[in-house]
Amino acid sequence: MSDFDFKKTKDVIVCIDSDGCAMDTMEVKHRECFGPQWIATYGLSDHFEECMELWLSINLYSGTRGINRFKGLALALTEAEQRGYCVTEGLDEFVQWTKEAGELSNPALLALAQKSESPCVEKALLWSIRTNRAIFSLPQEDKPFFHVKETMDEMAKEADLVAVSSANREAVETEWSKHGLKAACKALLTQEAGSKAFCIGELRKKGYAPNRILMVGDAPGDRDAAAKNGVLFYPILVGKEDKSWKRLFEEAFPRLLSGQFDDVYQRQLIMDFDKNLGE
């Protein structure tokens, strides 16, 4: 059964990202799991502080915030090599895969690793597995941002809701089930379903008008996925997540329902978003 096999029941659909948007998990995962496991797997411990700063900049505090894990890894390895921290054999093949593969996930990378002789590809898969293991070993302190659950429960009364996330399926399934978010959703679309842009495109095929599709996200990739499909984008501002969710419930979602989520309002939201990320 396809992830997209659900029935359209409302005229409006809201797509919601997970890490850093609905779930307050992004910071801890990158500081405690993604970054340290990258350093350990690729032998970068002599430059631990510099590499952690590089990793966090790419994945949290710049215009590439929220990037797919493998694309983020490719950027980090490329920059680390340019800085002279390492020489990564087979890096070019891995970078090329992140640019051309239709699916960027562990199963897709495993398929490549089974026919590739690139040490970088093999290490990338090992890093991803180790990162997932580290995430599941974190203290169970994951939680949604304030206002998320009640906002989603209310929106679900008048719109179809789906998760659209670049995180792995098991993590999203676990977290959204645990905190009661899954029940409001028609589907959980994760990295295994395809890119965010692809997922939104598939949702458009169900008959939702572009101005009745809203992508809620915290990263430029969410904004760009919405723009690529000609649909609307509502930003969750980093450091202002609670206020952003409150504004979604009180202002943006009512505008979406009433047809007042217009170009002027969209431009203002994106200006606020870009300014908050320092773009």
Side-chain angles (χ1 to χ4, degrees), residues 1-23 66 68 101-105 107-108 144 148-173 175-177 179-236 245 248-249 251-263 265-266 269-270:
M1 180 175 175
S2 167
D3 291 315
F4 301 95
D5 285 344
F6 66 87
K7 291 185 178 180
K8 173 180 177 287
T9 60
K10 307 286 199 310
D11 291 332
V12 173
I13 186 167
V14 181
C15 310
I16 303 168
D17 181 40
S18 186
D19 287 353
C21 176
M23 296 297 300
N68 171 275
E103 177 184 324
L104 298 177
S105 66
V148 171
K149 187 178 187 306
E150 57 265 41
T151 297
M152 288 181 59
D153 287 345
E154 288 301 313
M155 289 195 300
K157 296 176 182 178
E158 301 182 81
D160 291 334
L161 268 58
V162 294
V164 177
S165 169
S166 59
N168 72 84
R169 184 175 191 85
E170 188 175 1
V172 175
E173 181 90 29
E175 293 166 0
W176 285 48
S177 297
H179 296 287
L181 306 184
K182 181 182 176 181
C185 295
K186 292 286 187 180
L188 303 182
L189 306 178
T190 56
Q191 64 179 217
E192 292 82 359
S195 69
K196 291 176 181 177
F198 172 80
C199 289
I200 295 172
E202 290 299 296
L203 294 172
R204 280 198 60 171
K205 295 177 183 179
K206 289 184 172 292
Y208 302 99
N211 66 346
R212 308 295 276 171
I213 302 173
L214 179 66
M215 177 69 207
V216 178
D218 64 298
D222 303 316
R223 174 199 63 201
D224 297 344
K228 185 174 182 178
N229 285 283
V231 306
L232 302 172
F233 171 64
Y234 179 83
I236 301 300
W245 276 95
L248 172 61
F249 177 62
E251 178 184 289
F253 186 63
R255 277 177 171 265
L256 178 66
L257 294 178
S258 65
Q260 296 179 328
F261 200 120
D262 56 20
D263 291 343
Y265 184 62
Q266 178 70 101
L269 289 174
I270 292 176

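Residues Ile236 and Val216 form a side-chain contact, since some pair of their non-hydrogen atoms from C-beta on lies under 4.5 Å apart. With a 4.5 Å cut-off on side-chain heavy atoms, Val164 and Met215 count as touching. Counting heavy atoms from C-beta outward, Asp262 and Gln266 have side chains that stay 4.5 Å or more apart. For the pair Leu214 and Phe261, the minimum side-chain heavy-atom distance is below 4.5 Å. Annotation: side chain of Leu203 is not in contact with side chain of Lys8 (no heavy-atom distance under 4.5 Å). In this structure, Val172 and Leu189 have side chains that are not in contact, with every pair of non-hydrogen atoms separated by 4.5 Å or more. Here the side chains of Tyr265 and Arg255 are in contact, with some heavy-atom distance below 4.5 Å. In this structure, the side chains of Pro144 and Glu175 stay at 4.5 Å or more apart for every pair of heavy atoms.
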Check against side-chain contact (heavy atoms from CB on, under 4.5 Å), Lys186 and Leu161:
CA-CA 6 Å; Lys186 292 286 187 180; Leu161 268 58; over 6 Å; no
Evaluate side-chain contact (heavy atoms from CB on, under 4.5 Å) for Met23 paired with Leu181, printing each intermediate quantity in order.
CA-CA 10 Å; Met23 296 297 300; Leu181 306 184; 4.0 Å; yes
With side-chain contact (heavy atoms from CB on, under 4.5 Å) as the test, would you mind laying out the steps for Ile200 and Val231 before giving the verdict?
CA-CA 9 Å; Ile200 295 172; Val231 306; 4.0 Å; yes
Let me see the working for Lys149 and Asp153 under salt bridge (charged side-chain N to carboxylate O under 4.0 Å, His left out), right down to the final yes or no.
CA-CA 6 Å; Lys149 187 178 187 306; Asp153 287 345; 2.7 Å; yes
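Atom-to-atom distance recorded for Phe249:CZ and Met155:CE is 9.5 Å, nearest 0.5 angstrom. In this structure, Ser165 OG and Glu192 CD are separated by 9.5 Å, a value rounded to the nearest 0.5 Å.
Among all heavy-atom pairs drawn from Ala193 and Asp3, the shortest one is CB-OD2, 3.5 Å. Among all heavy-atom pairs drawn from Ala156 and Lys10, the shortest one is O-NZ, 3.8 Å. Looking at every heavy atom in both residues, Pro254 comes nearest to Leu248 through CD-O, 3.9 Å. Here the closest heavy-atom approach between residue Leu104 and residue Ala101 is recorded as CD2-CB, 3.7 Å. Among all heavy-atom pairs drawn from Leu256 and Arg212, the shortest one is O-NH1, 2.7 Å. Summarising the geometry of Cys21 relative to Trp245, their closest heavy-atom pair is O-NE1, 2.9 Å, with the distance given to 0.1 Å.
Inspection of the Glu251 and Tyr234 side chains reveals no N or O donor paired with an N or O acceptor under 3.5 Å. Asp160 and Thr9 share a donor-acceptor pair across their side chains, judged by distance under 3.5 Å alone.
Panel note: side chain Arg169, backbone Leu188; a donor-acceptor pair is recorded below 3.5 Å. Listed for the Asn229 side chain is no donor-acceptor partner under 3.5 Å among the backbone atoms of Ala226.
Asn211 is linked by a side chain to side chain donor-acceptor pair (under 3.5 Å) to nothing, counting only residues two or more places apart in sequence or in another chain. In this structure Ser105 satisfies the side chain to side chain contact (heavy atoms under 4.5 Å, CB included) test together with Glu103, Pro107, Ala108, Gln191, sequence neighbours excluded.
For NZ of Lys206, the number of neighbouring non-hydrogen atoms (other residues, nucleotides, ligands) closer than 6.0 Å is greater than 12.
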For a quick test of your reading: what N or O donor-acceptor pairs under 3.5 Å do the side chains of residues 11-18 make, sequence neighbours left out?
residue: Asp17; atom: OD1; partner: Lys196; partner atom: NZ; Å: 3.2
residue: Ser18; atom: OG; partner: Trp176; partner atom: NE1; Å: 2.8

